[in-house]
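Below is one structure; the comments refer to it alone.
Computed from a predicted structure; not experimentally measured.
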There are 2 protein chains.
Amino acid sequence: MLDKLEMFIAVAREEHFGRAAVGLGITQPTLSAGIKQLEDQLGVQLIFRGSRYGGLTPEGQNALEWARRIVGDARQLKEEMRFKRHGLAGQLRIAVIPTALTWAAKLSAQFSRKHPRVRMTLLSHASSEILSMIEDFSVDAGISYLDNEPVGKFSTAPLYREHYMLVCRSDAPMAARDRVGWHDLDGEKLCLLTPDMQNRRIINQHFLAAGVTPRAGIESNSTVVLIANVEDGDWMTVLPADMARFLCAGKPLCMIPVGDAEAHKTVGLVAPWREPHTPVLKALLTEAGRVSDLSR
Amino acid sequence: MLDKLEMFIAVAREEHFGRAAVGLGITQPTLSAGIKQLEDQLGVQLIFRGSRYGGLTPEGQNALEWARRIVGDARQLKEEMRFKRHGLAGQLRIAVIPTALTWAAKLSAQFSRKHPRVRMTLLSHASSEILSMIEDFSVDAGISYLDNEPVGKFSTAPLYREHYMLVCRSDAPMAARDRVGWHDLDGEKLCLLTPDMQNRRIINQHFLAAGVTPRAGIESNSTVVLIANVEDGDWMTVLPADMARFLCAGKPLCMIPVGDAEAHKTVGLVAPWREPHTPVLKALLTEAGRVSDLSR
DNA sequence: GGGTTCGATAGGGAAAACCGATCATGCTCG
DNA sequence: CGAGCATGATCGGTTTTCCCTATCGAACCC
């Protein structure tokens with residue numbers, strides 16, 4: 001039954017029987033049989049399908065929530081028992097929004113020093129993906145924006161607030177200033193993240209509030225590309241302070257604070273809400289509180 | 001895995017492999033193998049045992065809580081899916097303290113009228129047993145004292161407050177009075193419930209507070225015995241109002257309120273805490289609120 | 001010290017789980 | 001409009017797991 005629920009969760013995640021099957025390390029016929037068996041056991045159809053995956057039925061939606069809770073609790077049981085044997089050990093997978101990668105590294109370094117037997121995996125993902133990755137057990141925790149997320153099913157620990165820096169060459173006209181407003185960037189040549197990334201959308205909102213329509217001449221989903229363009233051409237970009245500091249190190253680039261110090265998005269750790277947490281997660285949340293900029 | 005957890009819960013409840021096995025409808029060797037397999041899977045010993053059940057290990061205690069949560073959620077998943085198919089139907093088992101049996105009947109009658117397809121089972125049990133019966137799924141809900149119970153893992157709905165009545169023959173000396181104090185009963189011939197029942201302990205507390213040491217000449221664990229003795233001999237007894245009213249009907253007996261109207265124990269419905277509740281339980285809790293004496 | 005209770009172990013038969021191969025359907029693209 | 005492809009269901013056979021009966025050995029109880 002438990003394995004059937006895992007199958008169900010996998011299919012709901014992948015929206016595809018074949019992919020879900022390889023993800024589970026079983027064959028597709030086995031998976032099909034498992035789902036059918038689960039449906040028989042519960043007496044309701046869970047998945048619409050005729051020659052192709054067709055989404056969850058309403059009952060399926062409902063059952064999915066229970067399945068996640070049950071499977072999650074079962075994993076936690078195992079995790080907790082392993083903790084009793086081996087102490088803090090095992091793997092910890094964390095999905096991180098790209099602009100928080102430097103902070104994530106800071107956290108993971110600190111955590112690894114304290115708990116050397118825990119192997120950590122940091123994955124860069126869009127903030128829109130992170131919550132669902134937590135929900136269906138693709139990762140154990142995430143680092144993302146805390147402000148606009150549904151807070152119900154997650155535990156959170158704030159890490160820092162995003163402050164934006166304008167990055168330009170040292171010989172650029174702006175380089176002399178020690179602070180610029182969003183409106184000052186009207187008409188400037190900017191290279192920015194692609195609009196599918198939340199960081200870009202946040203920056204867009206700032207521009208909008210300042211009555212400026214940003215003209216991004218170069219777009220990329222990689223912060224490295226942005227900085228490289230700034231360095232090579234006469235472009236400028238806007239990045240969170242830490243990321244900017246990290247990428248600019250040793251290069252002839254200037255960082256200038258943008259906008260006023262207020263109203264910045266909070267970035268923090270997001271973990272599945274569960275009472276109590278696994279030992280590792282508890283340790284991670286504790287560590288996040290310690291490393292955090294925010295006195296909370 | 002889920003069935004192994006059920007086995008584990010059963011053994012923890014029965015504290016005996018053989019009994020647990022028959023309760024589960026399997027043989028003892030199967031059960032033994034199941035437990036061992038669960039222990040292997042979790043990598044920890046759960047139960048002390050050498051030729052005989054020896055209690056849970058600390059890890060076992062911990063695992064038991066998770067097992068209950070997981071199995072409970074799994075049952076709820078099934079229950080919810082069945083509800084989606086058939087509406088409110090199935091079985092509802094309720095454990096009731098003896099002195100609340102008349103109230104339980106009132107509740108069950110009302111509930112059955114509204115939801116005729118739900119079969120109800122009412123079991124008389126001591127209040128000390130009821131919570132653990134709920135925890136290990138022997139019953140779906142209970143009716144018991146709400147005041148001194150750990151409230152954390154249970155949902156409750158108050159039904160009524162216990163008011164005590166002195167019951168005596170119409171020709172007894174006390175019969176004329178319209179109210180008596182606990183101290184007035186000093187030295188009187190009383191027949192009461194046995195001291196292992198919480199109702200008796202509550203009455204004892206009242207006596208103690210009034211500086212009276214009760215002399216119960218006849219004790220029984222059956223309220224019927226108490227009333228029969230009052231009717232036949234020159235005994236008196238003390239019972240909750242509703243139960244007294246029910247048992248005295250049509251007999252030449254008097255009921256006289258005992259003590260002042262304050263500080264009486266609250267009796268109510270107790271259900272396993274779960275978010276959300278099963279449809280049946282939700283309906284039952286609603287019904288309890290409707291039938292209740294207490295305007296809450 | 002014989003009888004009893006309780007859980008572990010051994011062995012065999014039934015059930016199931018799983019896989020590879022194949023089929024049926026619906027979609028895409030030339 | 002037809003060939004090719006993608007996707008999930010179905011089938012047959014093999015392997016694994018499950019569960020029962022029978023039995024054993026230790027602890028317990030007069």
Side-chain angles (χ1 to χ4, degrees), chain A residues 1-61 63-64 67 70-71 74 77-78 136, chain B residues 1-61 63-64 67 70-71 74 77-78 136:
Chain A
M1 177 95 191
L2 252 181
D3 44 352
K4 310 293 165 50
L5 292 178
E6 299 223 35
M7 293 184 192
F8 178 48
I9 293 173
V11 173
R13 169 178 57 232
E14 305 286 351
E15 306 192 328
H16 187 289
F17 278 68
R19 271 199 303 280
V22 299
L24 293 168
I26 59 178
T27 59
Q28 172 265 318
T30 302
L31 179 63
S32 280
I35 296 293
K36 167 175 289 201
Q37 201 172 323
L38 182 61
E39 289 181 328
D40 286 350
Q41 237 170 91
L42 296 179
V44 285
Q45 188 177 3
L46 298 173
I47 299 176
F48 290 122
R49 57 193 191 284
S51 92
R52 162 167 318 249
Y53 176 87
L56 300 184
T57 64
E59 293 81 14
Q61 282 291 353
L64 180 60
I70 293 166
V71 169
L77 166 59
K78 288 175 200 158
D136 57 25
Chain B
M1 178 95 190
L2 254 179
D3 44 352
K4 310 292 165 52
L5 292 177
E6 299 223 35
M7 292 182 192
F8 179 47
I9 293 173
V11 173
R13 169 178 57 232
E14 304 286 352
E15 305 191 329
H16 189 288
F17 278 67
R19 271 198 303 279
V22 300
L24 293 168
I26 58 178
T27 60
Q28 172 265 318
T30 301
L31 180 63
S32 281
I35 296 293
K36 167 175 290 204
Q37 202 172 322
L38 182 61
E39 289 181 327
D40 286 351
Q41 238 170 91
L42 296 179
V44 285
Q45 188 178 4
L46 299 172
I47 300 177
F48 290 121
R49 58 194 193 281
S51 91
R52 189 161 293 258
Y53 177 86
L56 299 185
T57 64
E59 293 81 14
Q61 284 290 353
L64 180 59
I70 293 166
V71 169
L77 167 58
K78 289 176 200 155
D136 57 25

- Message: Base, sugar-phosphate or nothing for B:Arg49? Non-hydrogen atoms, less than 4.0 Å.
- Response: sugar-phosphate
- Grab the CG-P distance between A:Leu31 and C:dC18 for me, whole Å please. 10 Å
- Of the nucleotides C:dA8, D:dG8, D:dT10, which one has an atom closest to the side chain of B:Phe17? C:dA8
- Message: How many whole angstroms separate atom CE of B:Met7 from atom C1' of C:dG7?
- Response: 15 Å
- For B:Glu15, answer base if it contacts any base atom (sugar-phosphate contacts may also be present), sugar-phosphate if it contacts only those atoms, and nothing otherwise; contact means non-hydrogen atoms under 4.0 Å. nothing
- Task: When you get a sec, tell me which of C:dA16, D:dA22, D:dG8 is the closest nucleotide to the side chain of A:Gln37?
- Result: C:dA16
- Measure from CG on B:Leu38 to P on C:dA8 and round the result to the nearest Å. 13 Å
- Separation of atom CZ in A:Phe48 from atom C1' in D:dA9, rounded to whole Å: 18 Å
- Given D:dA9, C:dA8, D:dA27, the nucleotide with the shortest approach to the side chain of B:Ser32: C:dA8
- Would one find a side-chain N or O of A:His16 under 4.0 angstrom from OP1 or OP2 of D:dA6? no
- Expressed in angstrom and rounded to an integer, what is the separation of B:Ile47 atom CD1 from C:dC6 atom P? 15 Å
- Please work out if A:Ile26 contacts a base, only the sugar-phosphate, or nothing of the nucleic acid, heavy-atom cut-off 4.0 Å. sugar-phosphate
- Task: Supply the atom-to-atom distance A:Leu42 CG to A:Leu5 CG, rounded to the nearest 0.5 angstrom.
- Result: 7.5 Å
- C:dA17 P sits how many Å from A:Asp3 CG, rounded? 8 Å
- CZ of B:Arg19 to CZ of B:Arg13, rounded to nearest 0.5 Å, is 11.0 Å
- Query: B:Ser32 and B:Phe17: which non-hydrogen atoms are nearest, and at how many Å?
  - Reply: OG-CD2, 3.7 Å
- Task: Can you figure out which of C:dA10, D:dT10, D:dA9 approaches the side chain of A:Lys36 most closely?
- Result: D:dT10
- CD on A:Gln45 to CG on A:Leu38, rounded to 0.5 Å: 12.0 Å
- Message: If I take atom CG from residue A:Leu31 and atom CD1 from residue A:Ile26, how far apart are they, to the nearest 0.5 angstrom?
- Response: 4.5 Å
- Query: Which listed nucleotide (D:dT21, D:dA6, C:dT9) is nearest to the side chain of B:Thr27?
  - Reply: D:dT21
- Closest listed nucleotide, where the reference is the side chain of B:Pro29 and the choices are C:dC18, C:dT9, C:dT5: C:dT9
- If you find the nucleotide of DNA chain C closest to A:Arg52 and the one closest to A:Gly25, which residue's nucleotide is nearer the 5' end? A:Gly25
